[in-house]
Amino acid sequence: MARSHRFHLDRNGHSVTVQTGAPSGTVELLVDGKVVASQRGHKDVTVLAAELPGDPPQPFTVHVDRSAGADNVPVCVWEADGSRDPLPYAPLAPRQAPLQAARTPVHPLRWLRRAMRRRLRHSRVRHR
């Protein structure tokens, strides 16, 4: 895989996220922001099992297939209660440069004042 990928799904009031890591090939499964399962390796298909909290807990399985994706994006499938649904791809946001320090606002007529000063300066030079 060329880079990291993220898949996200909200199910029954819980957040389910799958993250794949490029350097080590690690696949992590997060439920409500906490890692509940992970697997390391460069297999074509990774299967992770976990439960959604609740009474009773709801078991589910996530399949990450690295060979079936387009544009080097793996396919991630949620499986629970005999049904299978794809997990939507949620691309990681590109890193943005830190915001530059806010500059003091320029007066809207500043350019006019500069032009008038230049003109006045040039007119004095000509008359001497």
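Quick caveat, the model's predicted, so the values are computed rather than measured. Values below: every heavy atom of this structure, side chains too, minus hydrogens, waters and symmetry copies.
Looking only at distances, no side-chain donor or acceptor of D44 sits under 3.5 Å from a matching main-chain atom of R66. Between the side chain of H5 and the backbone N or O of Y89 there is no donor-acceptor pair closer than 3.5 Å.
With hydrophobic clusters built from ILVMFWY side chains whose heavy atoms lie under 4.5 angstrom apart, L87 shares a cluster with V73. Cluster annotation: V62 and V31 are assigned to the same hydrophobic cluster (Ile/Leu/Val/Met/Phe/Trp/Tyr, side-chain heavy-atom contacts under 4.5 Å, transitive). Following chains of ILVMFWY side-chain contacts shorter than 4.5 Å, one can reach L9 starting from L48, so the two form part of one hydrophobic cluster.
Atom CG of D10 sits in a crowded spot, with more than 12 heavy atoms from other residues, nucleotides or ligands closer than 6.0 Å. For R113, the CZ atom counts as densely surrounded, since its 6.0 Å shell holds more than 12 non-hydrogen atoms of other residues, nucleotides or ligands.
Taking NZ from K34 and OG1 from T17, the interatomic distance works out to 14.0 Å, rounded to the nearest 0.5 Å. Rounding to the nearest 0.5 Å places CE of M116 at 12.5 Å from CZ of R121. E79 CD to R84 CZ: the interatomic distance, rounded to the nearest 0.5 Å, is 5.0 Å. From W78, atom CH2 reaches atom CZ of R11 across 5.5 Å, with rounding to the nearest 0.5 Å.
Of the options D32, N12, V36, a side-chain contact (heavy atoms from CB on, under 4.5 Å) to L52 is made by N12 and by none of the others.
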Kindly indicate, with the supporting measurements, whether the criterion side chain to side chain contact (heavy atoms under 4.5 Å, CB included) is fulfilled by V16 and L29.
-> CA-CA 7 Å; V16 177; L29 175 60; 3.9 Å; yes
Candidate pair V77 and F7, rule side chain to side chain contact (heavy atoms under 4.5 Å, CB included), full reasoning | CA-CA 10 Å; V77 178; F7 301 88; over 6 Å; no
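Shortest non-hydrogen contact noted between H8 and A90 is CB-CB, 4.1 Å. Between A80 and P59, the closest heavy-atom pair is CB-O, 4.0 Å. Across all non-hydrogen atoms, the minimal contact from A49 to A37 is O-CB, 3.8 Å.
Between H14 and Q58 the shortest side-chain heavy-atom distance does not fall below 4.5 Å.
Looking at D65 and S67, their side chains do bring a donor and an acceptor atom within 3.5 Å of each other.
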